[in-house]
Amino acid sequence: MESGMISVDKWSSGSQAYFLTHLHADHTAGLSSTWNRGPLFCSRLTAKLFPCKFPGFDLSLLRVLDIGCWHSLSLITPSSGSTAAVSVKAIDAQHCPGSVMYLFRGEFGCMLFTGDFRWEKIGNGMEIARTMLLDALKNETLDILYLDNTYCNPRYSFPSRELAARQVVDIINSHPKHDIIIGIDSLGKEDLLLYISRALNIKIWVWPERLQILHLLGFHDHFTTQTSLTRVRAVPRYSFSVETLEGLNSLRPTIGVMPSGLPWAEKALKRKGTLFGSFPSDIKMHDLSGDSKNIARRYHEYIYVVPYSDHSCFSEIQEFIELLRPINIKGIVSSSSSYIDPCYYFGHLCGTKQAYWRIHRKVENEEGIDRVEADETKSAEENTASSVAGRKRKIDQVDFLGIRVSRVSLLRRLSHGVKIAHNEYLS
DNA sequence: GCGATCAGTT
DNA sequence: CACAACTGATCGC
């Protein structure tokens with residue numbers, strides 16, 4: 001607890017500088033309007049949205065980091081008491097408005113914390129982020145990559161958001177007389193709504209608090225709170241249900257579109273035995289869904305589910321890792337029923353592991369990945385957070401030379417026989 | 001009233 | 001059933 005210098009998306013006491021990647025609730029747990037633990041760094045857009053999420057927050061504590069610019073911090077090394085220079089750069093994470101990754105450089109080396117991110121080729125955002133990352137790294141190696149490993153499994157394959165958006169428009173067009181309900185959260189998926197609005201040349205209804213956020217984001221023309229102006233309404237996801245749709249249909253013909261859900265996992269790699277027995281590098285890693293076949297699924301008489309994701313799919317994670325070639329990777333999300341250490345799949349792409357893997361493969365071709373995983377677990381200096389009571393949800397803390405990041409986790413540690421390389425939760 | 005945690009929902 | 005993101009109930013202060 002006392003050795004931390006920097007925290008990312010983690011809000012317990014003991015750090016000298018706190019970094020927020022984005023404003024979704026699962027990354028702000030512990031933050032509140034009464035925050036008084038010192039400066040909090042975030043992107044300009046996140047700072048702008050901040051008062052909506054935390055009214056009364058002392059905004060003088062916010063430190064805006066402009067995307068692509070290095071910022072220097074002078075921190076105190078807890079052990080020696082001497083000052084240590086740390087540089088940090090924020091890079092667009094393409095997850096939701098304001099979301100960023102943080103690249104840190106200091107005496108400890110180089111580390112990147114992705115927060116939640118999407119690494120898709122479509123659109124120019126990824127090219128810009130790519131250039132920024134490579135420029136920032138130059139020839140230096142990335143020592144640790146703290147990775148959004150939400151969908152770090154080959155069974156997760158889904159299309160670009162633009163393609164998914166096109167599918168939503170197709171669904172709407174094929175129901176010209178229907179009202180349309182789209183389930184969204186309080187932040188995120190704005191591009192989808194804009195795409196629909198532009199493609200159909202109609203406004204989209206949103207609830208008042210959501211309109212306020214959209215206005216802060218600079219979208220003034222495409223949204224309204226007047227029901228009479230449009231047949232397309234975006235509603236809070238928690239108010240989107242079979243019952244809601246059935247109720248609405250007793251008034252007027254209405255369909256619901258849910259841009260998320262997980263129908264993607266259905267097809268690929270059902271056979272777990274094959275998955276676990278296979279050599280990571282043998283897995284077919286390129287995405288199966290290049291074409292616009294029926295990616296949208298009819299989930300119910302009135303409900304369609306479209307795989308619109310703000311997290312990277314497996315092949316995107318792979319490309320990201322191939323680009324950066326980090327020495328080590330840590331997943332920031334552990335949801336144990338499906339959690340697999342990123343190194344299970346990508347250890348062979350990592351800096352030192354790469355050499356290790358090549359030699360190892362030559363010597364004994366049959367060897368599984370257990371040794372690699374074992375090495376992984378040993379290499380991290382980790383300690384558990386202050387013995388939390390709950391067993392379902394827990395945020396753990398990881399120490400790496402004084403830098404602490406959160407491990408956002410839903411610890412549903414059921415059976416499933418999934419390999420869990422990390423054992424730091426058990427103390 | 002506030003913050004943290006837990007259960008439950010799409 | 002997988003997930004992320006969220007609401008609402010409850011508990012302790």
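Labels below follow one simple rule: chain letters A, B, ... track the order of the sequence lines, proteins then strands, and each chain is numbered from 1.
For the pair Trp11(A) CH2 and dC2(B) P, the computed distance is 21 Å after rounding to whole Å. Following rounding to the nearest Å, Lys189(A) (NZ) and dC6(C) (C1') show an atom-to-atom distance of 12 Å. Rounding to whole angstrom units, OH of residue Tyr151(A) and C1' of dC1(C) are separated by 14 Å. In this structure, CZ of Arg297(A) is placed 13 Å from C1' of dC1(C), rounded to the nearest angstrom. Atoms CE (Met258(A)) and P (dT9(B)) sit 15 Å apart, rounded to a whole Å. Computed from coordinates, the Asp26(A) CG to dA5(C) P distance equals 5 Å when rounded to whole Å. For the pair Phe117(A) CZ and dA4(C) P, the interatomic distance rounds to 14 Å; values are reported in whole Å. Between the CZ atom of Arg237(A) and the C1' atom of dT7(C) there is a distance of 12 Å, rounded to whole Å.
Listed nucleotides dA5(C), dC6(C), dC3(C) differ in distance to Ser186(A); the shortest reach to its side chain belongs to dC6(C). Listed nucleotides: dC6(C), dA5(C), dC3(C). Nearest to the side chain of Lys53(A): dC6(C). The side chain of His24(A) has dA5(C) as its nearest neighbour among dT10(B), dA4(C), dA5(C). In the set dA4(C), dC6(C), dT10(B), dA4(C) carries the atom at the smallest distance from any side-chain atom of Val333(A). Distance from the side chain of Phe240(A) is smallest for dT10(B) among the nucleotides dA2(C), dT10(B), dA4(C). Looking at the side chain of His311(A), the nearest of the listed nucleotides dT10(B), dA4(C), dC6(C) is dA4(C).
Asp310(A) comes within contact range of no nucleotide atom at all, as no heavy-atom separation falls under 4.0 Å. Across all strands shown, Ser239(A) has no heavy atoms under 4.0 Å from either base or sugar-phosphate atoms. Nucleic acid contact for Ser33(A): none, since no nucleic acid atom lies under 4.0 Å from a heavy atom of the residue. Within 4.0 Å of His95(A), counting heavy atoms only, lie sugar-phosphate atoms of the nucleic acid but no base atom. The residue Gly188(A) sits apart from the nucleic acid: no heavy atom pair falls under 4.0 Å.
Between Ile182(A) and Ile196(A), the closest side-chain pair of non-hydrogen atoms falls below 4.5 Å. Considering only heavy atoms from C-beta on, Thr114(A) comes within 4.5 Å of Met101(A) through its side chain.
Paired with Ser186(A) under the rule side chain to side chain donor-acceptor pair (under 3.5 Å), one option of His24(A), Lys53(A), Arg210(A), Glu209(A) passes, and it is Lys53(A).
Between Tyr18(A) and Trp35(A), the ring centre distance stays below 6.0 Å.
The phosphate of dC3(C) (OP1 or OP2) has no side-chain N or O of Thr150(A) nearer than 4.0 angstrom. When the side-chain nitrogen and oxygen atoms of Ser260(A) are compared with OP1 and OP2 of dA4(C), none of them lie within a distance under 4.0 Å. OP1 and OP2 of dT9(B) both lie 4.0 Å or more from every side-chain N or O belonging to Ser241(A).
Classification of Arg118(A) and Asp310(A) as a salt-bridged pair fails, no side-chain N sitting under 4.0 Å from a carboxylate O.
With hydrogens and angles ignored, no donor-acceptor pair closer than 3.5 Å exists between the side chain of Arg155(A) and the base of dA2(C).
Residue Tyr302(A) qualifies as enclosed at atom OH: its count of foreign heavy atoms under 6.0 Å is above 12.
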